[in-house]
> 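This is the structure I have questions about; it appears just below.
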Protein chains: 2
Amino acid sequence: MDWIAQVTERLRATGGRMTSQRRLILETLAQCTDHPTAEEVYRRARQRAPDLNLSTVYRTLRWLEELGVVGSQRFEGERPQDRFDPAISANPDHHHFRCRLCNTIIEFPAPLLEILKRDFIAHYGGSIESASLIFYGLCQSCLQKVESYGPLSFNPDAILDHTR
Amino acid sequence: MDWIAQVTERLRATGGRMTSQRRLILETLAQCTDHPTAEEVYRRARQRAPDLNLSTVYRTLRWLEELGVVGSQRFEGERPQDRFDPAISANPDHHHFRCRLCNTIIEFPAPLLEILKRDFIAHYGGSIESASLIFYGLCQSCLQKVESYGPLSFNPDAILDHTR
DNA sequence: GTTCGTGCAAATGATTTGCACTTCG
DNA sequence: CGAAGTGCAAATCATTTGCACGAAC
């Protein structure tokens, strides 16, 4: 049984209905290899159904989030907006790296995080139910580009000269 | 030299001016043991200067963020709003635990994170400039309360009975 | 005195919601 | 048919911004 059929099943189990809009949004998500915003899902899906509404996209995404089918997170360095992660159900324990230059997001496992959790609980008590780990930096190809260009020589006076 | 004097110095170094509003906001932050929102800083500070404006609080907090004097982060499970962290300059390498019940935030060090960064770079290349790690769960005292209460017996039919 | 900062009100922008209409089961 | 979902427009709410006035240096 494929992903969409599984989601449909969970949906029916909670008294929900499968509609053409929901199917379209699910199919759009299934094709994503990135972490789209609601607006991006909307734009991509609307190519096949121009009268789809952004509210419906939001409602569907939030509903999928409750079902545990997609994740959502916000990243620093861009305008504050949720990005949705269709990979969470296939691969629940992943974390994110985001490249500051090309904005690529890399998903990676972090089994060592369990040790960090254990350390925390040993020191402070309590219990940990979930964790969010995000790395920010330069991805491999952006780092290579920056290195091959060499450092920029920044001279404020030279810039001022241009204005004369 | 105390914290406020240090901040004033950084401020002057970049052509900024010290005003009564900024001093008040700094003093308010210095007394915080939690991670207040802009609105909360505003409410606390306004007790001493009722004509302080929320815009000024935002502008000051963003400026302190640029100076590296305060940090800002958002937490899940509440309405999306920035929380400001006055402790970042005294203790730059800390991360956050947030209790799902009492909303207490615990700051903790995570030196092991360096190993996770090294592992990531070994696998994917690139470079890491910053990291955000947030744990969500129950703090020690909330966990004890939950455990001492014992599990709740949830019976939907019993709830329906009340409506008759 | 000139530059920088503040207060105020209005703008922004992502997200949510009320409501009349439509569709699924 | 009746509950659940959609489209549309309007509401929300945190945050930002334009502008005229006031304060710091």
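Because only heavy atoms are used, hydrogens play no part in the values below, and waters and symmetry mates are left out as well, while side chains stay in.
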> Taking only residues at least two apart or on different chains, which pairs with a member in residues 21-67 of chain B satisfy ring pair (Phe, Tyr, Trp, His ring centres under 6.0 Å)?
B:His35-B:His96
> Provide, to the nearest angstrom, the distance between the CG atom belonging to B:Asp82 and the P atom belonging to C:dA14.
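These atoms are roughly 15 Å apart.
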> Whole-Å distance between C:dG5 P and B:Leu61 CG?
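Nearest whole value for this atom pair: 15 Å.
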> Dump the intermediate steps for side-chain contact (heavy atoms from CB on, under 4.5 Å) on A:Val69 and A:Leu29, then the final yes or no.
CA-CA 11 Å; A:Val69 170; A:Leu29 285 174; over 6 Å; no
> Any salt bridge linking A:Glu76 with B:Arg74? Criterion: basic side-chain nitrogen under 4.0 Å from a carboxylate oxygen.
no
> Anything under 30° is parallel, anything over 60° is perpendicular, the rest tilted; go ahead and classify A:Tyr136 against A:Phe75.
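A:Tyr136 and A:Phe75: perpendicular rings.
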> Report the residue (B:Leu54 or A:Pro80) whose heavy-atom-nearest nucleotide on DNA chain C is the more 5′ of the two.
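It is B:Leu54, whose closest nucleotide lies nearer the 5' terminus.
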> In whole Å, I'd like the distance from the CG atom of A:Leu52 to the C1' atom of C:dT23.
15 Å
> Between A:Arg74 and C:dT15, is there a contact of a side-chain N or O with OP1 or OP2 at under 4.0 Å?
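Yes, because at least one side-chain N or O of A:Arg74 sits under 4.0 Å from OP1 or OP2 of C:dT15.
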> Without decimals, in angstroms, what is the distance between A:Glu65 CD and C:dT15 C1'?
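Rounded to whole Å, this separation is 12 Å.
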> For the backbone of A:Thr37 and the side chain of A:Glu40, can you confirm whether one donor and one acceptor N or O come within less than 3.5 Å of each other?
yes
> D:dG5 P sits how many Å from A:Arg23 CZ, rounded?
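That distance rounds to 14 Å.
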> Side-chain N or O of A:Arg79 versus OP1/OP2 of C:dA14: is the shortest distance under 4.0 Å?
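Yes, because at least one side-chain N or O of A:Arg79 sits under 4.0 Å from OP1 or OP2 of C:dA14.
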> Let me know the distance between CG of A:Asp51 and P of D:dC8, rounded to the nearest Å.
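Going from A:Asp51 (CG) to D:dC8 (P), I get 7 Å.
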> Can you find a donor-acceptor N/O pair under 3.5 angstrom joining the side chain of A:Ser55 to the base of D:dA10?
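Checked by distance alone, the answer is no.
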> Respond yes when some side-chain nitrogen or oxygen of B:Arg83 is under 4.0 Å from OP1 or OP2 of D:dA14, and no when none is.
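Answer no for this pair, as no side-chain N or O of B:Arg83 is under 4.0 Å from OP1 or OP2.
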> Round to the nearest Å and state the distance from A:Arg46 atom CZ to D:dT6 atom C1'.
15 Å
> Kindly compute the distance separating CZ (A:Arg17) from CG (A:Leu11), expressed to the nearest 0.5 Å.
10.5 Å
> Whole angstroms only, please: what is the CD1-C1' distance between B:Ile25 and C:dG7?
12 Å
> Hey, is the main chain of A:Thr28 close enough, under 3.5 Å, to the side chain of A:Gln31 for a donor-acceptor pair?
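No; zero donor-acceptor contacts below 3.5 Å.
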> Would you say the side chain of A:Arg59 and the base of D:dG7 hold a donor-acceptor pair, judged only by whether the two atoms sit under 3.5 Å apart?
yes
> Using a cut-off of strictly less than 4.0 Å, decide whether B:Asn53 has a side-chain nitrogen or oxygen near OP1 or OP2 of C:dC8.
yes
> C:dT15, OP1 or OP2 - any side-chain N/O from A:Tyr58 closer than 4.0 Å?
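Checking A:Tyr58 against C:dT15: at least one side-chain N or O falls below 4.0 Å of OP1 or OP2.
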> Please list, in numerical order, the residues of residues 15-22 of chain A that have a heavy atom closer than 4.0 Å to any atom of DNA chain D.
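Hits under 4.0 Å, by residue number: A:Gly15, A:Gly16, A:Arg17, A:Thr19, A:Gln21, A:Arg22.
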